[in-house]
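Following: one structure in structure tokens, then a few remarks.
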Amino acid sequence: MESFRGDLIEWFKKEQRTLPWRENQDPYRVWISEIMLQQTKVETVIPYFEQFIRKFPTLEDLAAADEQEVLKAWEGLGYYSRARNLQTAVREVVSEYHSEVPKTVEEIGSLKGVGPYTQGAILSIAYDLPVPAVDGNVMRVLSRVLLVDEDIAKQSTRKLFELLVSSLISSKDPSSFNQGLMELGAIVCTPKSPSCLLCPVQEHCRAFHKGVEQELPVKSSKKTQKVLRYRTYVVENERGEVLIEKRPENGLLANLWQYPMVKEEEVEEGDLDGLKIEENGMIDRVRHTFSHLIWEMEVHRAEAVSGTVQREDARFVPKETIKNYPFPVSHQKIHPHLR
DNA sequence: CAAGCGTGGTT
DNA sequence: TAACCAAGCTT
């Protein structure tokens, strides 16, 4: 009877998917892929990764780029602080580490946006170092194989799994071990209906033997989202330009652009923070769900009459240039109304 | 530790 | 439809 570790690695080497970031072990490419893959499905990431690498082929290219350009390349991927932290970290690697991604847990873990999972993933995949990389897949797989019923929503539970992985990980091929756990979780040991009959480590799985694989992992539920109602304006001036504004540099959708929004309870008809407008009716309702809240937007069309907007970073721009600005998906839904 | 931070797919 | 989930990190 082979070991869990041996069976897992053998399976991974044979069955792993062909993915663009698996072409080589370039630490930069591994890094980019790991950041993009945070809370994001493989199929979603693939086109973003390829386009991103084309646009920023090296650490130096990304370090030298304009932040708005990076956000534009990230447009639609979500969790935009990932992009801004990534560029901050890349700049630090260029200036403080001679453009070489550091090889120690302490150094790489100090980079912005590189947490406990990502540091292990980069060190094991790019540098073949035996460091745990515990993500949601790993916790699901190991909670079943080892019959662990701790709440995986708690941070302390992730540390428990890091300890377990440390004792299980292969010193010969830590990359295949870590990736094998994740690949197994993504393809076989899925959350809903795991394919236990096809599982390469079935004989090692305590949950399967007890018939409780569907009950694991244990995860406490999160609460419901808050609903926020906005009126969103598509304001055109006499030159046919459209009003857009840049969001604050911190918080939700930081530094992205949007059509000006006003909380529904703060709407003043005919006035958009100092800009006198003539409203021409509602043209759409856009509902956008975030992980923690919901926007319900009434989109109104309007013409600028007089005055100026007392809003930070608001400006009229030609319609053709809208595509050059990074917009959240909620506002991309409004773009078609411009033609 | 809990909350904030996106988006799209599945059930 | 609503809930859940996905190669998490920061504060």
Side-chain angles (χ1 to χ4, degrees), chain A residues 12 16-17 19-22 30-49 71 74-86 88-89 108-122 124-126 132-141 151-159 161-162 165 175 178-187 189-194 214 217 219-228 247-248 250-256 258 286-295 326-333:
Chain A
F12 175 73
Q16 64 173 296
R17 294 166 290 182
L19 298 171
W21 47 89
R22 287 179 175 164
V30 172
W31 187 4
I32 301 300
S33 71
E34 290 303 337
I35 300 298
M36 287 187 170
L37 284 163
Q38 289 169 8
Q39 301 289 282
T40 311
K41 293 226 192 292
V42 164
E43 305 76 54
T44 303
V45 167
I46 291 173
Y48 280 93
F49 176 82
L71 285 174
W74 209 269
E75 184 183 55
L77 247 195
Y79 288 137
Y80 299 93
S81 66
R82 290 184 296 177
R84 305 206 302 141
N85 290 338
L86 172 61
T88 300
I108 200 169
S110 73
L111 298 172
K112 281 221 174 56
V114 179
Y117 162 76
T118 305
Q119 67 192 39
I122 297 174
S124 61
I125 298 172
V134 175
D135 71 341
N137 286 310
V138 173
M139 290 194 284
R140 182 172 60 259
V141 170
D151 180 0
I152 66 167
K154 292 186 170 181
Q155 294 185 235
S156 57
T157 303
R158 198 208 68 242
K159 292 183 183 175
F161 281 110
E162 284 175 352
V165 171
S175 173
N178 280 344
Q179 292 191 78
L181 282 175
M182 294 188 274
E183 194 84 345
L184 190 69
I187 295 175
C189 195
T190 49
K192 293 292 166 54
S193 307
Q214 302 268 18
K219 186 176 187 180
S220 56
S221 59
K222 31 195 159 190
K223 51 185 187 182
T224 58
Q225 304 131 301
K226 195 169 300 179
V227 178
L228 298 177
R247 293 182 56 84
N250 289 306
L252 184 66
L253 304 168
N255 282 357
L256 270 66
Q258 65 182 16
V286 174
R287 182 185 171 86
H288 192 80
T289 302
F290 297 86
S291 49
H292 58 304
L293 54 88
I294 297 172
W295 279 0
F327 278 80
V329 164
S330 53
H331 285 255
Q332 291 172 37
K333 295 172 184 172

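Naming: A, B, ... by sequence-line order, numbering from 1 per chain.
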Contact class for A:Ile35 (heavy atom, under 4.0 Å): base, sugar-phosphate, or nothing? nothing
Give one of base, sugar-phosphate or nothing for A:Leu19, where a contact means two heavy atoms less than 4.0 Å apart. base
P gap between C:dC9 and B:dG8, integer Å: 22 Å
Heavy atoms only, 4.0 Å cut-off, all strands: where does A:Arg287 land among base, sugar-phosphate and nothing? nothing
So, taking the atom named CZ in A:Phe49 and the one named CG in A:Leu77, what distance separates them when rounded to the nearest 0.5 Å? 12.0 Å
Let me know the distance between NE2 of A:His292 and P of C:dG8, rounded to the nearest Å. 18 Å
Mind checking whether A:His331 and A:Phe327 have parallel, tilted or perpendicular rings, split at 30° and 60°? tilted
OG (A:Ser81) and NZ (A:Lys112) are apart, to the nearest 0.5 Å, by 11.5 Å
Looking only at side chains, do A:Gln225 and A:Thr289 share a donor and an acceptor under 3.5 Å apart? no
In whole angstroms, the gap separating P of C:dC4 from CD of A:Gln225 amounts to 10 Å
Check the distance between C:dC9's P and A:Tyr79's OH and give it to me in whole angstrom. 12 Å
Straight-line distance of A:Tyr80 OH to A:Leu252 CG, nearest 0.5 Å: 10.0 Å
Heavy atoms only, 4.0 Å cut-off, all strands: where does A:Val45 land among base, sugar-phosphate and nothing? nothing
C:dA7 versus B:dT11 - spacing of their P atoms, nearest Å: 15 Å
Is there a donor in the side chain of A:Tyr117 and an acceptor in the side chain of A:Glu34, or the other way round, less than 3.5 Å apart? yes
Here's a test of your reading of the structure: between A:Glu34 and A:Lys112, which maps to the more 5' nucleotide of DNA chain C? A:Glu34
So what does A:Gly251 hit on the nucleic acid, given a heavy-atom distance under 4.0 Å: a base, only sugar-phosphate, or nothing? sugar-phosphate
Would A:Gln179 and A:Arg22 satisfy side-chain contact (heavy atoms from CB on, under 4.5 Å), going step by step from the backbone distance to the final call? CA-CA 11 Å; A:Gln179 292 191 78; A:Arg22 287 179 175 164; 3.2 Å; yes
Between C:dT10 (C1') and A:Tyr80 (OH): distance, integer Å: 18 Å
Is a side-chain donor or acceptor of A:Tyr48 paired with a backbone partner of A:Glu75 at a separation under 3.5 angstrom? yes
Which is more 5' along DNA chain B, the nucleotide nearest A:Gln155 or the one nearest A:Lys192? Just name the residue. A:Gln155
Using whole Å, report how far CE of A:Met139 lies from C1' of C:dC5. 13 Å
Between A:Val45 and A:Trp21, does a side-chain contact (heavy atoms from CB on, under 4.5 Å) hold up when you go through it step by step? CA-CA 10 Å; A:Val45 167; A:Trp21 47 89; 3.8 Å; yes
On DNA chain C, compare the nucleotides closest to A:Asn137 and A:Asn85; which residue's is nearer the 5' end? A:Asn137
Take the protein atom NZ of A:Lys226 and the nucleotide atom C1' of C:dA2, then report the distance between them rounded to whole Å. 19 Å
Check every atom of C:dA7, C:dT10, C:dA6 against the side chain of A:Lys219 and return the nucleotide holding the closest atom. C:dA6
Just call it for A:Arg140: base, sugar-phosphate, or nothing, with non-hydrogen atoms closer than 4.0 Å on any strand. sugar-phosphate
Pick base, sugar-phosphate or nothing for A:Thr118, based on heavy-atom distances below 4.0 Å to the nucleic acid. sugar-phosphate
Considering only atom C1', compute the distance from B:dC1 to C:dA6 and round it to an integer number of Å. 22 Å
Contact interval (first through last nucleotide) of DNA chain B with protein chain A, 4.0 Å heavy-atom: B:dC1 to B:dG8
Indicate, with a heavy-atom threshold strictly under 4.0 Å, whether A:Arg247 touches base, sugar-phosphate, or nothing. nothing
How do A:Lys154 and A:Gly78 order along DNA chain B: which one's closest nucleotide is nearer the 5' end? A:Lys154
Scan A:Trp74 against the nucleic acid and name what it touches under 4.0 Å (heavy atoms): base, sugar-phosphate only, or nothing. nothing
A:Gln39 atom CD is separated from C:dG8 atom P, nearest whole Å, by 5 Å
Any base atoms under 4.0 Å from A:Thr44, or only sugar-phosphate, or nothing? Heavy atoms, all strands. nothing
May I have the distance from A:Glu43 (atom CD) to C:dC5 (atom C1'), rounded to whole angstrom? 13 Å
